[in-house]
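A quick write-up on the structure given underneath.
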Amino acid sequence: MKKKLVAVLLAASMAFGLTACGNKDDSANNAANNAGNNTNVENTEAAGGSDAAEGTEAGAGAENAGGSALNSDTGILYINLASEPDYLDPALNSSVDGGCLAVNSFAGLYTYDSTGALIPQLATDMPEVSEDGTVYTVKLKESQWSNGDPLTAQDFVYSWNRVINPDTTADYAYLFDVIARNGDALAVETPDDYTMVITLNSPCPYFNDLMAFPTFFPVHQASVEAADTEVPGTWAQEAGFVCNGAYTLESWNHDESMVYVKNPNYYDAENVTMDELHFMLSADDTAIYAAYNAGDLDYIDTVPTDEISSLNGVNPEFGILDNLGTYYVGFNVNDPLFDGKTVEEAAKMRQAMNLLIDRQFIVENVGQSGQVAADSFVPLGMADGNGGEFKQADTSYYDAQSTGALMVEDAKALFEEAGYSFTDNGDGTYAIDPAINMTYLTNDGSGHIAAAESMQQDFAVLGINMEIKSEDWNVFLENRKNGNFTIAREGWLADYNDPINMLELFTSDSGNNDMQLGKGSGESAPDWSDYDALIKEIRNTTDFAARVDLLHQAEDMLMETGAVIPLYYYNDIYMQKPNVDGIYATVFGMKYFMYATKN
């Protein structure tokens, strides 16, 4: 029954896509959040009309072996990653699509090469580190902003302190907690214009990777202070803003397209091969796929869900990238759904719904590209910060292969412990008392909707009514951040390869804590002070072996709340024309276009 219903849904979403243009992340497989990145694996929304990445004037050539047309603009890449970005200010962005734009238009101290190795970018070399692991000395290359102003170490000091300033309201401010403070400022000294001396609170096994993350990129102080008099990020809301990366934003037709052009003042401009990047801003996977097949796009990282099975392993233009992240569902622990329940009862309600979800069905029929059903939040393959891999056999919190229909009785028992009763309908389903009605919040995309539809049917077995509400990307982000939801789709791609990146999302002071843990005072919400203290201890310990145990304790605490329901571990699909080469991506979801070639 479920297979038939989802097939109908996908056919309907395809038909709808023929009438509108939107953005990316249509398959539930594509993230970002979150991040982001990095970032919040939550890209995408529906946007207005699109001009097919301004590629309609390119002219399509003959079909290639993959069956799609090619365009002849060898100096221009036509790309779709997402719809209208939420922020272009690297201090404020917390989505994967925004992070991709940042790594192509800003430069930091370090970056990643095509093999995934961390390498110097504006730094001359890897940092010198003191014997106790707490003092990092970084030497900078001489470089310029896009307007010709010199870029110095002081630009980094200003930019980093701006992130931690509460007035900036940066979601990622907590990433800087590993750096010691001098009053309200970070303990970063600049002995000269091209030297930074950074003092940490304690040794940090992932600090080099942090310095490659977009939130650590510099911003142009004069531009920021001239524009951000009322709203942070205003300085980068229109084309022409000052940056320091491979490309500058030349034009921005909001909700339709963006054109980036090569920055002659970029420190490595002589090796940048693409003259322009043209982005189609859309979340409509059907329109995106049609534009790609017509030759109007060279690179996309989404296709309609019902096309995946016919492309995967068949079409040479279709590929799958490794990711380090988790696609999951989140509950707002302060939602009225849990009013009148104890902390334990509310957790059992959420845990029961966790058990009802048929992850294997979602992986096989929605994801369709080899995802692994998730049985914990920290993803497969993540390092433990002590030379090993974090996820072991004993870090499974349930059998992901057995959730769904096989777990109905267990889920029913948990609900009964939380004060609910059931009437057998005689057809394998039940009526729950008192009734549970809730709304599932998601952004646009056929895969997200299909995953929601599958869960809707799973919950209905116990009489739980779940409506599905789809919102535009930016509205969706704000509603989750502000706790304006009961249950919502979530996703997170690691920002760096350490479990704390997945776990510090949920501290009380984190701007990425959509589940509102520690942010409310309701009697059904867990006291989150012990979790906050544990994350602080993890950040400050010098015993990396003991740190691994503390990280496992933190994940245990998170999973016990039931507020986070992992569905599967991410990978990332894409399509790329055969006349394009040199685009590369990291497991963190960042995509780099500056060294691509096209013939």
Side-chain angles (χ1 to χ4, degrees), residues 1-6 9 328-362 397-400 402-442 449-470 479-480 483-490 514-517 520-527 559-567:
M1 179 178 70
K2 182 187 293 183
K3 293 180 185 294
K4 180 178 179 181
L5 194 157
V6 172
L9 168 75
Y328 66 104
V329 171
F331 279 98
N332 174 2
V333 297
N334 298 312
D335 190 78
L337 176 67
F338 307 111
D339 286 354
K341 301 298 180 183
T342 66
V343 172
E344 293 75 17
E345 289 170 340
K348 287 178 179 178
M349 292 171 61
R350 296 185 290 263
Q351 290 163 359
M353 285 185 269
N354 179 10
L355 295 180
L356 289 172
I357 297 171
D358 188 343
R359 289 163 173 77
Q360 280 303 118
F361 181 86
I362 293 173
Y397 296 91
Y398 47 84
D399 183 354
S402 298
T403 53
L406 298 177
M407 303 295 287
V408 169
E409 290 303 317
D410 290 338
K412 186 165 160 285
L414 284 171
F415 269 119
E416 288 169 342
E417 291 174 23
Y420 289 85
S421 61
F422 292 90
T423 301
D424 191 336
N425 293 328
D427 60 357
T429 67
Y430 297 84
I432 191 170
D433 185 35
I436 295 180
N437 297 289
M438 60 186 186
T439 298
Y440 183 88
L441 195 64
T442 182
I449 300 298
E453 183 75 15
S454 179
M455 289 184 285
Q456 183 182 55
Q457 294 175 74
D458 293 333
F459 295 153
V461 172
L462 289 187
I464 299 166
N465 178 53
M466 186 182 83
E467 300 296 326
I468 300 170
K469 181 180 181 182
S470 177
N479 279 330
R480 284 192 325 185
N484 298 328
F485 70 97
T486 300
I487 178 174
R489 91 94 178 159
E490 295 274 357
D514 294 342
M515 279 61 266
Q516 310 299 308
L517 289 156
S521 57
E523 63 179 17
S524 61
D527 181 350
M559 294 300 293
E560 285 168 4
T561 68
V564 169
I565 299 180
L567 297 186

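Position 1 is the first residue of the sequence; numbering continues from there.
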Within the distance-only criterion (no hydrogens, no angle test), does the side chain of Q456 pair as donor or acceptor with the backbone N or O of S454 below 3.5 angstrom?
-> no
Here the pair of heavy atoms bringing A563 nearest to V333 is CB-CG1, 3.6 Å
So, the side chain of T403 versus the backbone of A400: is there a donor-acceptor pair under 3.5 Å, distance only?
-> yes
Donor-acceptor under 3.5 Å (N334 side chain, G483 main chain) = no
What distance separates E490 CD from Y328 OH, expressed to the nearest 0.5 Å?
-> 4.0 Å
With side chains defined as the heavy atoms from C-beta onward, is the minimum distance between V564 and M515 less than 4.5 Å?
-> yes
Would you sort out whether I436 and N465 count as a side-chain contact (heavy atoms from CB on, under 4.5 Å), showing the intermediate values?
-> CA-CA 6 Å; I436 295 180; N465 178 53; over 6 Å; no
How far apart are the C-alpha atoms of F485 and F331, what are their side-chain angles, what is the distance that settles it, and do they pass the side-chain contact (heavy atoms from CB on, under 4.5 Å) test?
-> CA-CA 8 Å; F485 70 97; F331 279 98; 5.9 Å; no
Would T486 and D335 count as having a side-chain donor-acceptor pair, cut-off 3.5 Å?
-> yes
For the residue pair N437 and E467, establish whether any side-chain heavy-atom pair is separated by less than 4.5 Å.
-> no
Do NZ/NE/NH1/NH2 and the carboxylate oxygens of E523 and K341 come within less than 4.0 Å?
-> no
side-chain contact (heavy atoms from CB on, under 4.5 Å) partner of M455, the single match among D358, L567, L356 | L567
Specify the closest pair of heavy atoms between P526 and L517, including all atoms of both residues, with the distance to one decimal.
-> CG-CD2, 3.7 Å
Flag the pair Q351 / M559 as yes when at least one side-chain heavy-atom distance between them is below 4.5 Å, and no otherwise.
-> no
Do L462 and M353 touch side chain to side chain, with heavy atoms closer than 4.5 Å?
-> no
Would you check if T342 and S524 make a side-chain contact, meaning some heavy-atom pair closer than 4.5 Å?
-> no
Please check if the side chain of N354 supplies one atom and the backbone of I565 the other of a donor-acceptor pair under 3.5 Å.
-> no
Would you find a donor on one side and an acceptor on the other, under 3.5 Å apart, between the side chain of R350 and the backbone of T561?
-> yes
Please list every donor-acceptor pair under 3.5 Å in which a side-chain atom of residues 415-428 meets a protein atom from a residue at least two apart or in another chain.
from, atom 1, to, atom 2, distance (Å)
E416, OE2, K412, NZ, 3.4
E417, OE1, K348, NZ, 2.8
D424, OD1, G426, N, 2.7
N425, ND2, T429, OG1, 3.0
D427, OD1, T429, N, 3.1
D427, OD1, T429, OG1, 2.5

Starting from the C-alpha separation in whole Å, work towards a yes-or-no answer on side-chain contact (heavy atoms from CB on, under 4.5 Å) for F459 and I487.
-> CA-CA 13 Å; F459 295 153; I487 178 174; 4.3 Å; yes
Identify the two heavy atoms, one from M438 and one from I464, that lie closest to each other, and give their separation to 0.1 Å.
-> CE-CG2, 4.0 Å
side-chain contact (heavy atoms from CB on, under 4.5 Å) evaluation trace for D458 with F361 = CA-CA 11 Å; D458 293 333; F361 181 86; over 6 Å; no
Flag side-chain contact, heavy atom, 4.5 Å: R489 against L441 | no
Taking C-beta and beyond as the side chain, do I468 and E453 meet within less than 4.5 Å on heavy atoms?
-> yes
Gap separating the CG atom of L406 from the CG atom of L355, nearest 0.5 angstrom = 11.0 Å
